[in-house]
Amino acid sequence: MKYLNLASGASYFASPATATEAAIQALQQGKTKYSEVAGTISLREAIAARYQTQASIKPEHILVTPGVKQALFNLFSVLITKGTDELLVPTPAWFGFHELMKYSKGKLVTIKTLSTEKYNLTPEALEAALNENTRILLLSNPANPTGRIYTRQELEALLAVAARYPNLYIISDEIYDLVTYGEPVTSLLSCQGKTDRCIVINGFSKSFAMSGWRIGYIVAADQVIAMCSDFQKSTFSGLSEFVQDGAKAALQFAADDLPAKLAILKSNRSILAGGLNQIPGLNFFHPDGAYYIFADFSAYLDCTTPTGEQFTTSIALCNFLKEKYKLELSPGDYFGAPGFSRLSFAIEEPDLKEAIIRLKTALASLVI
Ligand code: PMP
């Protein structure tokens, strides 16, 4: 039986050929020395151009980082300086946020959002969770794992609440911003009420299938960029120039590459949603962006397997699927949502169809 991985955060797509060619060319041209800490001016100009219609972003507001994870680590390091400082995260949330906080002085505080409320973070819930120690509100938009997209109205309502907290930064992780199936994502940078404490992080791992290249960026006000540049100078220096040339080509030729990938993902989303809809007791939020479905498997917990094993958590359910059906899903426990699991549909269509068959068979075999 072929192993089917629906747990990965990377899509099966190849990186854009234009990116690969540009990187090879840069290597052949000898672009192999230390480069500018902030990132090459040509890449920062290309990134700034992405935001021009929404906000006035200049290359000096951008720091190119070795991935979005590192952008977050950088920001947590410079903004969270005391043990009492809090990072506020609506859950379900990507497990990486939690892992990164293991190495921070501060603590992670969660606000629970519900699938029955379309994972909306209301201004009232935000207000109730904020206090003078909250240093950062971290949003994921489109969200991993739910695929929810915050509307402009929702973001502006959250910004209105945040305005009353002068020590609070808002980070919007927009790494999936080009992976959407309806309306485009509204960047936090384009919202009314945006302040110098609003920060966007983004990268090339998801939209451009370039996770192994390790490249992302921070877009922020001068003061934040100055702090983050100093952190990067002290801990990493500048990103490899050939990687940046590849990323710049990916951005420049995005229109040649993205539509075909999005069409496949959109079709895969229908296939997976259609398959899951046929499984009794399984509920999920229909994602508007990213490439996951985050489904509630709680109806299948407290079950007995055909060989008499019992499990009560989605971790145990996922282990059962992996061991017996060679099907890997990501347990919701890691995203702060026990009972749920995340299924990626960024895999090849025949594998996705086979995964659905295995999931149906496995769940049907359980004695509730
Ligand atoms: N943020 C989110 C929401 C993610 O899902 C991921 C990757 N799974 C990252 C950040 C990390 O991105 P990168 O590969 O650029 O470090």
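Computed from a predicted structure; not experimentally measured. Index from 1, following the sequence. Counting convention: from 1, in listed order, for ligands and their atoms alike.
In this structure, Arg358 forms no cation-pi arrangement with Tyr325, as its terminal cationic atom is not both closer than 6.0 Å to the ring centre and no more than 45° off the ring axis.
Using a 3.5 Å distance cut-off with no hydrogens or angles, the side chains of Asp296 and Ser298 do pair a donor with an acceptor. In this structure, a donor-acceptor pair under 3.5 Å is absent between the side chains of Glu156 and Tyr150. When only modelled atom types and interatomic distance are considered, Ser172 and Glu174 share a side-chain donor-acceptor pair under 3.5 Å.
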Considering only N or O atoms, set out every pair between ligand 1 and the protein closer than 3.5 Å, with distances to one decimal place.
from, atom 1, to, atom 2, distance (Å)
ligand 1, 1 (N), Asp173, OD2, 2.6
ligand 1, 5 (O), Asn144, ND2, 2.7
ligand 1, 5 (O), Tyr176, OH, 3.0
ligand 1, 8 (N), Lys206, NZ, 2.7
ligand 1, 14 (O), Ser205, OG, 2.7
ligand 1, 14 (O), Arg214, NH1, 2.9
ligand 1, 15 (O), Val68, N, 2.7
ligand 1, 15 (O), Ser205, OG, 3.3
ligand 1, 16 (O), Val68, N, 3.2
ligand 1, 16 (O), Lys69, N, 3.0
ligand 1, 16 (O), Arg214, NH2, 2.7

- Verdict with reasoning, Phe311 to Phe320, per ring-ring contact (aromatic ring centres under 6.0 Å, His included): CA-CA 9 Å; Phe311 46 72; Phe320 163 71; 5.7 Å; yes
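Heavy-atom minimum distance, Cys228 versus Ile218: SG-CD1, 4.0 Å.
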